[in-house]
Visitor: 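Mind looking over this structure? Questions follow.
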Amino acid sequence: MTAVGIDAIEIRSGKLKLDLPNTFAPQKGDDPEKYTKGLGLNNSSFPDVYEDIVTMGANAAKSLMDRKGLVPADIGRIDVATESAFDHSKPVSTYIAGCLEQVYDDDFRHANKGERKFACVAGTQAIDDAYNWIKAGRHRGRAALVVATDTALYARGDPGEATQGAGAVAMLISEDPSIVELSTHQGYGSMDETDFLKPNQQFPSVDGKRSMQVYLARMREALEDYQSVAGKVHLDDFAYAPFHTPFPGMVRKAALLAYRHIIRDTEIEDDLAGEIGRQPREDDYEDREAYEAAIREHMDELKTTDAYQSWYADAVEPTLGLSREVGNWYTGSVHVARASALRDAIAKDRDFVGETLLVGSYGSGAQAEIHAETVREGWREEIEGLDIDAQLDARYDLSWEEYEDVHDVHEYDKDVEREIEEFTAPSEEFVFTGWGRMNERKYEYIA
Ligand code: CAA
């Protein structure tokens, strides 16, 4: 059977940075550790005045095409996943293709273009679409370009403001891929929820605490569904577990839940029983409330055990490295987590071709998806090609007043009367230049 999966990845960060402990926390009157330790975030990436989902997506896509030596004829499909689209009809993929056509000789008129929406899980769904298209044999030997791009902005003063971010991840999905092969097996947990939504509004309505509960519930269902088709998951089956990361603290909660679930009725639970007892079973309790209290107590103990902490340090913590520095990128977030894991494997000089990642995606509204990915021969070369460290180092560090200004610039309905200068100088990249005759957004390549 032909292997299908991710052949190349490029990451493009917004060019500005908001320092959470040093710039954001003092303004909110908060202890900086609420951000660095509680949420697990140091900085958010923010878009400069000439950046948006199209520029970041097109810049990531161009880097990917150039690094792989691709021309438009090599790409049969362009799918953009976003929850920050500014147009209810014309998909962002057409804008991105339009940008790319400014710099390549040929065009993308042959390519099937679309836009995928389901909050943050849409990036994974767009990869699925590409996978199915290739597996169905409809691709005529060509690859699919999937771009997950978002400006994850919240209304000023919303509790989510601390978890903002902006960036794009471009991925090439192909036969015989260099980085990872995707599993055929998948698990889903999907329910009609109103935890986080944007009904005809730019910034989300968020029930933050509930959104965290919904994330955990749907993720658990997705894991159960995945096991129903792939068989029971064991901890040593996979090297890393990259999960959707709205902020690292969320993944810390999800990881503990996943660990408890995975070790139940295994030797690991038996081994831990002497130290912290066996996991509470619902049948042993009079009511749900008593059972839940026992579970909470057990989890508090479980997270202090050496067994859990060493698994977390090996399989989960390394997936959070980039997220800590960029915040939430919505559709791109789980793909940033995968990249962090692969970068960790390089840092540890791991030879892990053939090893497996357990990937958990999540979108509010709400749906979780879990699948496995097997690392391929060319992974190291591809991941070594990423320039994300240089991008992060080059970000402009916003003062509080500058942050307020640039947030206003990106708010569609806000009449920004003062002219805001760009904070960084564009070079060799696509930039937003203003609105056209039909209210379309316009872009140019700056050489
Ligand atoms: N030192 C260390 N830790 C501290 C601290 C300090 N001084 N002060 C607070 N903390 C801890 C808190 O204990 C808490 O951790 P625990 O949950 O483990 O107890 C953490 O820091 C955050 O503190 P609060 O809960 O008080 O923070 P908050 O109420 O201001 O906001 C939030 C948290 C509700 C998640 C908010 O950021 C939010 O609404 N975010 C947007 C929604 C979101 O990201 N939801 C995640 C699931 S939905 C999803 O994943 C989709 C998506 O991408 C949006």
Visitor: Can a salt bridge be assigned to the pair Arg77 and Asp79 using a cut-off of 4.0 Å between side-chain N and carboxylate O?
Guide: yes

Visitor: Do the side chains of Lys28 and Glu161 get close enough for a salt bridge, i.e. N-O under 4.0 angstrom?
Guide: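 Between Glu161 and Lys28 there is a salt bridge, with a charged N closer than 4.0 Å to a carboxylate O.
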
Visitor: For residues Asp387 and Gln391, is any side-chain donor paired with an opposing acceptor at under 3.5 Å?
Guide: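 Their side chains do contain a donor-acceptor pair, which is all the 3.5 Å distance test asks for.
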
Visitor: Within the 4.5 Å heavy-atom criterion, are Leu70 and Leu64 side-chain neighbours or not?
Guide: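 Contact flag for Leu70/Leu64 side chains = yes.
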
Visitor: Hey, could you give me each pair passing side chain to side chain donor-acceptor pair (under 3.5 Å) that has a residue in residues 333-342? Not counting sequence neighbours.
Guide: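 Sorted pair list: His244-Ser333, His335-Arg338, Arg338-Glu373.
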
Visitor: So does Glu83 pair up with Lys117, basic N to acidic O under 4.0 Å?
Guide: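 The answer is no: the pair does not qualify as a salt bridge.
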
Visitor: Taking everything shown except Lys37 itself, do over 12 heavy atoms lie less than 6.0 Å from its NZ?
Guide: no

Visitor: Between Arg142 and Asp74 (salt bridge meaning N to carboxylate O under 4.0 Å), is one present in this structure?
Guide: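 No, this pair does not count.
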
Visitor: Does the side chain of Tyr226 come under 3.5 Å of the side chain of Glu369 through a donor N or O and an acceptor N or O?
Guide: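 No - no donor-acceptor pair under 3.5 Å links their side chains.
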
Visitor: To the nearest 0.5 Å, tell me how far Leu172 CG sits from Ile127 CD1.
Guide: 11.0 Å

Visitor: When you compare the side chain of Leu358 with that of Ile370, does any pair of heavy atoms fall below 4.5 Å?
Guide: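 A side-chain contact exists here, since the closest heavy-atom pair is under 4.5 Å.
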
Visitor: Salt bridge check, Lys15 against Glu51: does any charged N sit closer than 4.0 Å to a carboxylate O?
Guide: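 The answer is no: the pair does not qualify as a salt bridge.
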
Visitor: Looking only at the side chains, is there a donor atom on one of Asp66 and Tyr104 sitting less than 3.5 Å from an acceptor on the other?
Guide: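 Present: a donor and an acceptor within the cut-off.
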
Visitor: Inspect the surroundings of CD in Glu224 and state if more than 12 heavy atoms from other residues, nucleotides or ligands are less than 6.0 Å away.
Guide: yes

Visitor: So with a 6.0 Å cut-off around CG of Asp393, is the heavy-atom count from everything else above 12?
Guide: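 For Asp393, atom CG is crowded (more than 12 foreign heavy atoms under 6.0 Å).
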
Visitor: Does a salt bridge link Arg380 with Asp351, judged by any charged N lying under 4.0 Å from a carboxylate O?
Guide: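 No salt bridge links Arg380 with Asp351.
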
Visitor: Side-chain donor-acceptor pair under 3.5 Å between Gln213 and Asp195, yes or no?
Guide: no

Visitor: Inspect the contact between Arg350 and Asp344 and indicate whether a charged nitrogen and a carboxylate oxygen are less than 4.0 angstrom apart.
Guide: no

Visitor: With the side chain counted from C-beta on, respond yes when Thr2 and Glu175 share a heavy-atom pair under 4.5 Å apart, and no when they do not.
Guide: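 SC-SC contact between Thr2 and Glu175 confirmed.
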
Visitor: Knowing that exactly one of Thr124, Asp150, Thr82 qualifies, which makes a side-chain hydrogen bond (donor to acceptor under 3.5 Å, both in side chains) with Thr331?
Guide: Asp150

Visitor: Using ring centroids (six-membered ring only for Trp), state whether Tyr412 and Phe86 fall under 6.0 Å.
Guide: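 No - the distance between ring centres of Phe86 and Tyr412 does not fall below the 6.0 Å cut-off.
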
Visitor: Supply the atom-to-atom distance Thr319 OG1 to Leu357 CG, rounded to the nearest 0.5 angstrom.
Guide: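 One gets 10.5 Å once the value is rounded to the nearest 0.5 Å.
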
Visitor: Report yes if some heavy atom in the side chain of Asn328 is under 4.5 Å from a heavy atom in the side chain of Phe247; otherwise report no.
Guide: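 No, every pair of side-chain atoms sits at 4.5 Å or beyond.
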
Visitor: To the nearest 0.5 Å, how far apart are NE2 in His261 and CG in Leu256?
Guide: 13.5 Å

Visitor: Quick test of your reading of the model: are Glu429 and Lys62 salt-bridged, counting only N-O distances below 4.0 Å?
Guide: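 Salt bridge: no.
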
Visitor: Kindly assign one of parallel, tilted or perpendicular to the pair Tyr35 and Phe24, based on the angle between their ring planes and the thresholds 30° and 60°.
Guide: perpendicular

Visitor: Centroid separation under 6.0 Å, is that true for the rings of Phe118 and Tyr362?
Guide: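 Between Tyr362 and Phe118, the centre distance exceeds or equals 6.0 Å.
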
Visitor: Is atom CD of Gln27 surrounded by more than 12 heavy atoms (other residues, nucleotides or ligands) closer than 6.0 Å?
Guide: yes

Visitor: Can you confirm whether Glu10 sits close enough to Glu382 that some side-chain heavy atom of one is under 4.5 Å from a side-chain heavy atom of the other?
Guide: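 In short, these two side chains do not touch, never coming nearer than 4.5 Å.
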
Visitor: With rounding to the nearest 0.5 angstrom, report the OG1 to CG distance, Thr36 to Leu41.
Guide: 9.5 Å

Visitor: State, without any angle test, whether Thr245 and Ser323 hold a side-chain donor-acceptor pair at a distance under 3.5 Å.
Guide: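 The criterion, which ignores hydrogens and geometry beyond distance, is not satisfied for Ser323 and Thr245.
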
Visitor: Name the orientation class of the two ring planes belonging to His407 and Phe46 (parallel below 30°, tilted from 30 to 60°, perpendicular beyond 60°).
Guide: tilted

Visitor: Can you check ring pair (Phe, Tyr, Trp, His ring centres under 6.0 Å) on Phe196 and Tyr215, steps first, answer last?
Guide: CA-CA 11 Å; Phe196 171 111; Tyr215 176 117; over 10 Å; no

Visitor: Say you draw a straight line from OG1 of Thr55 to CZ of Arg12; how long is it, rounded to the nearest 0.5 Å?
Guide: 7.5 Å

Visitor: Please tell me whether Ser13 and Ser45 have a donor and an acceptor in their side chains that are separated by less than 3.5 angstrom.
Guide: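 Per modelled atom types, Ser13 and Ser45 side chains form a pair under 3.5 Å.
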
Visitor: Verify whether one side chain among Tyr396 and Glu422 offers a donor that lies under 3.5 Å from an acceptor in the other.
Guide: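 Short answer, no.
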
Visitor: Measure up the Tyr312 and Tyr308 rings against each other and bin them: parallel (under 30°), tilted (30 to 60°), perpendicular (over 60°).
Guide: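 Rings of Tyr312 and Tyr308: tilted, 30 to 60°.
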
Visitor: Under 3.5 Å, is there a donor-acceptor pair linking the side chains of Ser205 and Gln201?
Guide: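 Side-chain D/A pair, Ser205 to Gln201: present.
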
Visitor: Should Lys303 and Lys253 count as side-chain neighbours, where that means a heavy-atom distance under 4.5 Å?
Guide: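 In short, these two side chains do not touch, never coming nearer than 4.5 Å.
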
Visitor: To the closest 0.5 Å, what do you measure between OG1 (Thr149) and CG (Asp52)?
Guide: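 Output value for this atom pair is 7.5 Å.
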
Visitor: Would you say the side chain of Val92 lies within less than 4.5 Å of the side chain of Asp87, judging by non-hydrogen atoms?
Guide: no

Visitor: So, do Phe203 and Tyr154 have ring centers that fall under 6.0 Å from each other?
Guide: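 Centroid distance Phe203-Tyr154: not below 6.0 Å, so no.
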
Visitor: What closest approach, in Å, do Ala130 and Val146 show between heavy atoms, and which atom pair accounts for it?
Guide: CB-CG2, 4.3 Å

Visitor: Does any non-hydrogen side-chain atom of His410 lie less than 4.5 Å from one of Pro47?
Guide: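 The answer is yes; the side chains approach within 4.5 Å.
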
Visitor: Less than 6.0 Å separating the ring centroids of Tyr50 and Phe432?
Guide: no

